[in-house]
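The next block holds one structure in the form of structure tokens; read it before the comments.
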Amino acid sequence: MRSEDIIVRVMLKPNCGLENTRAALVVRRVEPLCDSVSCHPRTVKRDPNTVAYLRDHGLFIRFTAPQPEQVLLAIRGAFFVDCCDLVDDPDAIPPLAVPDGIVDGGAGALDPLPAFADRDARTKRDDELTDLLARFEETGRALRAHAESLPRDRVLNDISFSHAQAVDELRTVTARSRIEPFDRIASSLRQLADDYGRRFGIAVDLRIAAGHLALDRAVLASMEEILKRAVRSCIRDGIEKPEERLAAGKPARATLGIRVENDGSDVVCRIEHDGWPFNPMLVGEIARERGLLARPFETYSDEELGAFLLLPRFVESKSGNHGDALAEFNEIGSMLQHIGGHGEVRNTERGTLEIALSFPVPFTVLEVALLRTGENRFALPAQQILRFEAFRVERVAPEPDDPAAGTTWYVSETGEQYVLLNAGEECGVFATESPRYIILLDALGEKRALAVDAIGGYERVSVNRLPALLDRRAAREAGCIGYAVLADGSPCAVMSLRRLLQGSRGNEGRHA
């Protein structure tokens, strides 16, 4: 070991289940402070099988840095690091055994790497594009200032305008280069669910509906960390053991679902399981004891009380039978708030528990269906569409039990009943001229149908936030979550059935 090399052993806080991810974050945190850095195990970021090694022996980091004290301070300052010690004898570092019997290098296998795994070719490419974009923007500002000083020089002004367009396109390309599909983390979530199911004796099936959604890899990394924490909490604290489920009349195997949706400036991950519901009375009592209720307790709905669970520091310590579970919710809420997100917990009418986690995003990429009602063209996320059928006016019928209630049903080809969203005179943007198709939809566990005049097919689009002047109550109540520029260059509003239904419900809720 060269005299300037330093090796440290980092012990992470125990039993979090995310040791390999957190170890990767530690090295990523110190990498900018180092001239060179490497770690053992080397595969810590991509291989969850290193978790056991990290628990028993810790993470070993070798680095050279102009200010090693700053590196040590950064390591010790990470909230998930328990302790950090210097290693005097590199030959004493235990090797990592891998499944096929080969070991990940011998003792002290810490050869310096040119860059840590997280700063791979894609990250370097992103940095290059970002640097190039910054240089173009700086040139654009100088060119624009010069053009403004010569307002009569039309050639110069045209050049300035063309340059601004090129910079805007480069900005879009740079953002798109960081886009990755949500499915990239799906396999690690399934493996984690299997591992924790075996560890805690819980039989669980994890189902993921990502809706072909893609988003910035930095957001995806934060999302993966928080979702793993939430899945672990659900399995450990929220789902009964098989014998308990059978005694309660439930299937022995629990169902744990993750559904990812776009919601304007957020991506919402809905985690739902059929285990224990949360106790709104208990949560309300804690909120009242801590002076967090702004009005009488009995006026709060279950959904409003569930939102307290994801407030950082809502529970100050792990105490009582529910202390661990409540503290886990607090930890998830703290991690979510750290990245500017928010969440809520609710008991659904289906007897399940749903945890909704909202992550802020600059834009997302998803598959949509292009639809037209009257003169209005809009896009609807493909994830919310069950199927299309030809519209048959004879299948439209009023509420059979109460024709005066105003509810209109559409009966599908299979005999299922769907509430028709654009029936009657007040249909707004969904008013049709000559409907040819019926779209069968599912959101919030409810069946809805939408009649449309035309279908323009499917397209993969980038969903951007609405401008501030347009992002008002009317757009939200109509279900608008943003806009996209289609392949033909025209803008198109992107609608969400879930937001439309939530807007129509207003502040309705079931009270504790």
Checklist entry - When the ring centroid of Phe430 is compared with that of Phe378, is the distance short of 6.0 Å? => result yes

Item to check | Any donor-acceptor N or O pair under 3.5 Å, side chains Thr348, Glu354 | outcome: no

Next on the checklist: Tell me whether Glu272 is salt-bridged to Arg350, with the criterion being a basic N under 4.0 Å from an acidic carboxylate O.
Outcome noted: yes

Checklist entry - Looking only at heavy atoms, what is the nearest atom pair of Asn157 and Pro151, with distance? => result ND2-O, 3.7 Å

Checklist entry - Around atom CZ of Arg436, are there more than 12 heavy atoms of other residues, nucleotides or ligands at under 6.0 Å? => result no

Checklist entry - Are Arg392 and Glu413 side-chain neighbours, meaning at least one heavy-atom pair lies under 4.5 Å? => result no

Checklist entry - Does the side chain of Thr432 come within less than 4.5 Å of Val452's, by heavy atoms? => result no

Next on the checklist: For a quick test of reading the model, state the closest non-hydrogen atom pair linking Ile226 to Ile339 and the distance between them.
Outcome noted: CD1-CD1, 3.9 Å

Next on the checklist: Any heavy-atom pair between the side chains of Leu371 and Ile439 that's under 4.5 Å?
Outcome noted: yes

Checklist entry - Salt bridge or not for Glu367 and Arg460, using N-O below 4.0 Å? => result no

Next on the checklist: Could you go through Val494 and Cys480, starting from their C-alpha distance and side-chain angles, then the distance that decides it, and tell me whether this counts as side chain to side chain contact (heavy atoms under 4.5 Å, CB included)?
Outcome noted: CA-CA 6 Å; Val494 182; Cys480 188; over 6 Å; no

Checklist entry - Hey, is CZ on Arg141 packed in by over 12 heavy atoms from elsewhere, all under 6.0 Å? => result yes

Next on the checklist: With side chain to side chain contact (heavy atoms under 4.5 Å, CB included) as the criterion, how do Val461 and Leu486 come out once you've worked through the C-alpha distance, each side chain's angles and the decisive distance to 0.1 Å?
Outcome noted: CA-CA 7 Å; Val461 300; Leu486 304 181; 3.9 Å; yes

Next on the checklist: Test your reading of the model: is there a side-chain donor-acceptor pair from Lys250 to the backbone of Asp274, 3.5 Å cut-off?
Outcome noted: yes

Checklist outcome for this item: Residues at least two apart in sequence or cross-chain that pass side-chain contact (heavy atoms from CB on, under 4.5 Å) with Ala221, listed by chain then number, are none

Item to check | Pair Arg229 + Glu225, salt bridge at N-O below 4.0 Å | outcome: no

Checklist entry - Is it the case that Ser496 and Glu261 place a side-chain donor and acceptor less than 3.5 Å from each other? => result no

Item to check | Residue pair Arg236, Glu328: steps toward the side chain to side chain contact (heavy atoms under 4.5 Å, CB included) verdict | outcome: CA-CA 10 Å; Arg236 190 190 70 174; Glu328 280 296 311; 3.4 Å; yes

Checklist entry - Okay, side chain of Asp266, backbone of Val268: is any donor-acceptor separation there less than 3.5 Å? => result no

Item to check | Non-hydrogen side-chain atoms of Val231 and Ile258 separated by less than 4.5 Å | outcome: yes

Checklist entry - Side-chain donor-acceptor pair under 3.5 Å between Ser412 and Arg395, yes or no? => result no

Checklist entry - With distance as the sole test, does Asp183 use its side chain to make a donor-acceptor pair with the main-chain N or O of Ala186 at under 3.5 Å? => result no

Checklist entry - Are the side chain of Gln383 and the backbone of Ala209 linked by a donor-acceptor contact shorter than 3.5 Å? => result yes

Next on the checklist: Minimum heavy-atom separation for Lys241 and Gly201, please, with both atom names.
Outcome noted: CG-O, 4.0 Å

Next on the checklist: Under 4.0 Å between a side-chain nitrogen and a carboxylate oxygen: does that hold for Glu243 and Arg245?
Outcome noted: no

Next on the checklist: When you compare the side chain of Ile208 with that of Phe182, does any pair of heavy atoms fall below 4.5 Å?
Outcome noted: yes

Checklist entry - Is the side chain of Arg190 donor-acceptor paired with the backbone N or O of Leu192 at a distance under 3.5 Å, no angle test? => result no

Next on the checklist: Can you tell me how the ring of Tyr458 sits relative to the ring of Phe388, calling it parallel under 30°, perpendicular over 60° and tilted otherwise?
Outcome noted: perpendicular

Next on the checklist: Can you confirm whether Leu420 sits close enough to Val396 that some side-chain heavy atom of one is under 4.5 Å from a side-chain heavy atom of the other?
Outcome noted: yes

Item to check | Residue pair Ile202, Tyr196: steps toward the side chain to side chain contact (heavy atoms under 4.5 Å, CB included) verdict | outcome: CA-CA 8 Å; Ile202 303 296; Tyr196 278 120; over 6 Å; no

Next on the checklist: Between Arg346 and Ser301, is the side chain to side chain donor-acceptor pair (under 3.5 Å) condition met? List the steps.
Outcome noted: CA-CA 10 Å; Arg346 71 184 185 104; Ser301 68; over 6 Å; no

Checklist entry - Okay, side chain of Asn347, backbone of Pro277: is any donor-acceptor separation there less than 3.5 Å? => result no

Next on the checklist: Taking CD in Glu375 as the centre, count heavy atoms belonging to other residues, nucleotides or ligands within less than 6.0 Å. Is the count above 12?
Outcome noted: no

Item to check | Ile385 side, atom CD1; Leu380 side, atom CG - distance, nearest 0.5 Å | outcome: 4.5 Å

Item to check | Axial cation check for Tyr300 ring with Arg295, 6.0 Å and 45° limits | outcome: yes

Item to check | Glu349 CD to Thr352 OG1 distance, which is reported to the nearest 0.5 Å | outcome: 10.0 Å

Checklist entry - Does a side-chain heavy-atom distance below 4.5 Å link Leu370 with Ile455? => result no

Checklist outcome for this item: All heavy atoms of Ala193 vs all of Val204, minimum pair found to be O-CG1, 4.1 Å

Checklist entry - Nearest 0.5 Å, what's the CG-CG distance between Leu206 and Leu256? => result 5.0 Å

Next on the checklist: Any non-hydrogen side-chain atom of Cys269 less than 4.5 Å from a side-chain atom of Arg259?
Outcome noted: no

Item to check | side-chain contact (heavy atoms from CB on, under 4.5 Å) against Asp205, all qualifying residues, sequence neighbours excluded | outcome: Arg253

Checklist entry - How many angstroms lie between atom CZ of Arg377 and atom SG of Cys492, to the nearest 0.5 angstrom? => result 5.5 Å

Checklist outcome for this item: All heavy atoms of Ala230 vs all of Leu357, minimum pair found to be CB-CD1, 4.4 Å

Item to check | CA sep, side-chain torsions, deciding dist, call: Tyr418, Tyr410, ring pair (Phe, Tyr, Trp, His ring centres under 6.0 Å) | outcome: CA-CA 5 Å; Tyr418 293 77; Tyr410 188 87; 8.0 Å; no

Item to check | Shortest non-hydrogen contact between Pro280 and Leu305, atoms and distance | outcome: O-CD1, 3.5 Å

Checklist outcome for this item: Residues at least two apart in sequence or cross-chain that pass side-chain contact (heavy atoms from CB on, under 4.5 Å) with Val485, listed by chain then number, are Tyr483

Next on the checklist: Please check this pair: side chain of Ser162 against backbone of Asp158, looking for a donor-acceptor N/O pair closer than 3.5 Å.
Outcome noted: yes

Item to check | Distance, nearest 0.5 Å, that separates CG of Asp453 from OG of Ser434 | outcome: 6.5 Å

Checklist outcome for this item: CZ (Phe314) and CG (Leu309) are apart, to the nearest 0.5 Å, by 6.5 Å

